[in-house]
Peer 1: 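Mind looking over this structure? Questions follow.
Naming convention: chains lettered A, B, ... in sequence-line order (proteins, then strands); numbering from 1 in each chain. Given the structure is predicted, the values throughout are model-derived calculations rather than measurements. When reading the values below, keep in mind they use all heavy atoms of this one structure, side chains included, and skip hydrogens, waters and symmetry mates.
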There are 2 protein chains.
Amino acid sequence: MKKNEINFAEAESCPVRNILDRFGDKWSTLVILILGNYDKLRFNELQKMIGTVSQKMLAVTLKKLEADGLVTRKVYPQVPPKVEYSLTELGLSLLPKIESLVQWANENMVEITENRSLSGVK
Amino acid sequence: MKKNEINFAEAESCPVRNILDRFGDKWSTLVILILGNYDKLRFNELQKMIGTVSQKMLAVTLKKLEADGLVTRKVYPQVPPKVEYSLTELGLSLLPKIESLVQWANENMVEITENRSLSGVK
DNA sequence: CGGGATCCACGCGGATACTG
DNA sequence: CAGTATCCGCGTGGATCCCG
């Protein structure tokens with residue numbers, strides 16, 4: 001009783017795998033989410049907002065998102081330097097999908113946590 | 001120009017972080033997606049369908065999903081043993097959110113891949 | 001067949017120090 | 001301020017063997 005013949009096997013040919021591999025990391029989705037709430041943010045503002053991210057990982061994450069074309073990086077030529085990050089059109093088109101996931105998370109978090117603590121699995 | 005005052009900082013109090021930490025692993029979303037397409041699957045069927053997952057990781061993934069209450073595990077008491085996995089109500093409620101993400105992935109995969117190869121970032 | 005138990009490599013990601 | 005460079009611990013996840 002299968003619906004579509006989707007090939008999940010090979011990572012390269014499977015968009016699901018590709019996308020999930022990209023945004024399955026620790027910080028990407030969170031950065032997109034935050035940039036969706038505040039439309040422009042500086043590096044330090046982002047870091048303070050997330051709170052627990054290291055400079056290195058925030059830099060790496062932003063670089064990847066910029067490379068994917070999801071985030072724009074605007075540099076103001078001044079001293080001290082000022083850099084602002086914001087979502088691109090592409091990034092904005094992804095935002096509602098992630099927010100939809102977040103909404104589900106908010107609605108079902110309690111139930112999942114209860115299930116998990118009952119089962120005893122870490 | 002911020003919208004909601006969301007506290008992204010502490011992982012425990014932030015549903016986003018919690019959910020993303022759970023499903024941000026390598027196989028969870030894929031398993032949910034496949035079980036959504038085929039409503040019942042045995043362990044080996046799942047493994048062959050994914051193709052590149054090890055026994056260990058599939059077992060761990062299914063255990064976590066079962067502990068969360070997203071997947072049901074039905075054991076048939078016979079020799080050789082037969083176990084069927086399927087999505088629970090909770091799992092089914094998550095499915096469309098993930099499929100929505102997959103749809104976005106399919107639509108924008110090419111553009112992202114192009115962007116990334118142009119930028120030179122791995 | 002459906003896993004559990006072990007061992008181990010690799011890479012993510014944190015801490016720290018330094019620079020334009 | 002906005003990063004880069006380096007070092008390194010630790011957890012994810014693969015390979016292999018074993019068991020009911």
Side-chain angles (χ1 to χ4, degrees), chain A residues 8-11 17-18 20-31 34-35 38 40-68 71-86 119-122, chain B residues 8-11 17-18 20-31 34-35 38 40-68 71-86 119-122:
Chain A
F8 297 102
E10 296 174 27
R17 302 286 296 277
N18 262 291
L20 262 35
D21 283 354
R22 291 210 197 291
F23 308 124
D25 66 10
K26 204 173 180 182
W27 305 111
S28 293
T29 46
L30 195 55
V31 167
I34 294 180
L35 285 180
Y38 304 74
K40 283 180 197 293
L41 282 178
R42 303 180 62 172
F43 190 92
N44 273 357
E45 290 174 335
L46 261 172
Q47 192 175 9
K48 284 177 187 171
M49 202 147 302
I50 300 180
T52 58
V53 70
S54 64
Q55 279 188 341
K56 172 189 170 185
M57 288 318 297
L58 183 53
V60 169
T61 301
L62 286 170
K63 246 188 185 173
K64 290 205 299 182
L65 292 177
E66 190 193 358
D68 284 352
V71 162
T72 323
R73 183 171 178 273
K74 185 171 185 183
V75 184
Y76 294 83
Q78 62 186 39
V79 180
K82 175 181 176 181
V83 179
E84 280 182 347
Y85 293 92
S86 55
S119 77
V121 177
K122 62 124 189 167
Chain B
F8 297 102
E10 295 174 29
R17 303 288 296 277
N18 263 290
L20 262 35
D21 283 353
R22 292 210 198 289
F23 308 124
D25 66 11
K26 205 172 180 184
W27 306 110
S28 294
T29 47
L30 195 55
V31 167
I34 294 180
L35 285 181
Y38 305 74
K40 283 181 198 295
L41 282 178
R42 302 179 62 172
F43 190 92
N44 273 356
E45 292 175 334
L46 261 171
Q47 192 176 8
K48 284 177 187 170
M49 202 148 300
I50 300 180
T52 56
V53 70
S54 64
Q55 280 188 341
K56 172 188 169 184
M57 287 319 297
L58 183 54
V60 169
T61 302
L62 286 170
K63 242 189 186 175
K64 289 205 298 180
L65 291 177
E66 191 194 358
D68 284 352
V71 163
T72 323
R73 183 171 178 272
K74 186 172 183 181
V75 184
Y76 295 84
Q78 62 185 42
V79 180
K82 176 181 175 182
V83 180
E84 282 182 347
Y85 293 93
S86 56
S119 76
V121 177
K122 62 124 191 169

Peer 1: Where is the tightest heavy-atom contact between B:Q47 and B:S54, given as atom of each residue plus distance?
Peer 2: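 Shortest heavy-atom contact: NE2-C, 3.9 Å.
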
Peer 1: For the pair A:Y38 and A:E45, evaluate side chain to side chain contact (heavy atoms under 4.5 Å, CB included) and give the outcome as yes or no after the intermediate values.
Peer 2: CA-CA 10 Å; A:Y38 304 74; A:E45 290 174 335; over 6 Å; no

Peer 1: Can you pull the contact range of chain A along DNA chain C, 5' to 3', using atoms under 4.0 angstrom from its heavy atoms?
Peer 2: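 Nucleotide range with atoms under 4.0 Å of chain A: C:dG13 to C:dG20.
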
Peer 1: Are more than 12 heavy atoms from other residues, nucleotides or ligands located less than 6.0 Å from atom NZ of A:K82?
Peer 2: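 Above 12, so yes.
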
Peer 1: Using a 4.0 Å cut-off on heavy atoms, which residues in residues 53-61 of chain A reach DNA chain D? List them by number, or say none.
Peer 2: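 Residues of residues 53-61 of chain A under 4.0 Å from DNA chain D: A:Q55, A:K56, A:A59.
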
Peer 1: Which is true for A:Y85 with a 4.0 Å heavy-atom rule: it touches a base, it touches only sugar-phosphate, or it touches nothing?
Peer 2: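 Here A:Y85 touches the backbone only, sparing every base.
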
Peer 1: Distance from B:I34 atom CD1 to B:L41 atom CG, nearest 0.5 Å?
Peer 2: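 If we round to the nearest 0.5 Å, B:I34:CD1 and B:L41:CG are 8.0 Å apart.
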
Peer 1: Rounded to the nearest 0.5 Å, what separates atom CG in B:L30 from atom OG1 in B:T52?
Peer 2: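 The CG atom of B:L30 sits 8.0 Å away from the OG1 atom of B:T52.
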
Peer 1: Can you tell me how far the NZ atom of B:K40 sits from the OG atom of B:S86, to the nearest 0.5 Å?
Peer 2: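 These two atoms lie 5.0 Å from each other.
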
Peer 1: For the helix from C:dC1-D:dG20 to C:dG20-D:dC1, what angle lies between the axis at the first five pairs and the axis at the last five pairs, to 10 degrees?
Peer 2: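 It comes to 50° between the two terminal axes.
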
Peer 1: The criterion is side-chain hydrogen bond (donor to acceptor under 3.5 Å, both in side chains); which residues satisfy it with B:R73, sequence neighbours excluded?
Peer 2: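 For B:R73, the residues satisfying side-chain hydrogen bond (donor to acceptor under 3.5 Å, both in side chains) (neighbours in sequence not counted) are B:Y85.
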
Peer 1: Once side-chain hydrogen bond (donor to acceptor under 3.5 Å, both in side chains) is applied, do any residues pair with A:S28, and if so which ones, sequence neighbours excluded?
Peer 2: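 Partners of A:S28 under the side-chain hydrogen bond (donor to acceptor under 3.5 Å, both in side chains) test: A:D25.
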
Peer 1: Contact boundaries of DNA chain D with chain B (under 4.0 Å, heavy atoms), 5' to 3'?
Peer 2: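 Endpoints of the contacted stretch of DNA chain D: D:dG13 to D:dG20.
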
Peer 1: How long is the gap from CG on B:L35 to CE on B:M49, to the nearest 0.5 Å?
Peer 2: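 So the CG of B:L35 and the CE of B:M49 are separated by 9.5 Å.
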
Peer 1: Please assess B:L46 against B:L62 for the test side chain to side chain contact (heavy atoms under 4.5 Å, CB included), listing each intermediate value before the final yes or no.
Peer 2: CA-CA 10 Å; B:L46 261 171; B:L62 286 170; 4.1 Å; yes

Peer 1: So B:F23 and B:V31, side chain to side chain contact (heavy atoms under 4.5 Å, CB included) or not? Walk me through it.
Peer 2: CA-CA 10 Å; B:F23 308 124; B:V31 167; over 6 Å; no

Peer 1: Listed by chain and number, what are the side-chain hydrogen bond (donor to acceptor under 3.5 Å, both in side chains) partners of B:E84, not counting sequence neighbours?
Peer 2: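 If we apply the side-chain hydrogen bond (donor to acceptor under 3.5 Å, both in side chains) test to B:E84, skipping adjacent residues, the hits are B:Y76.
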
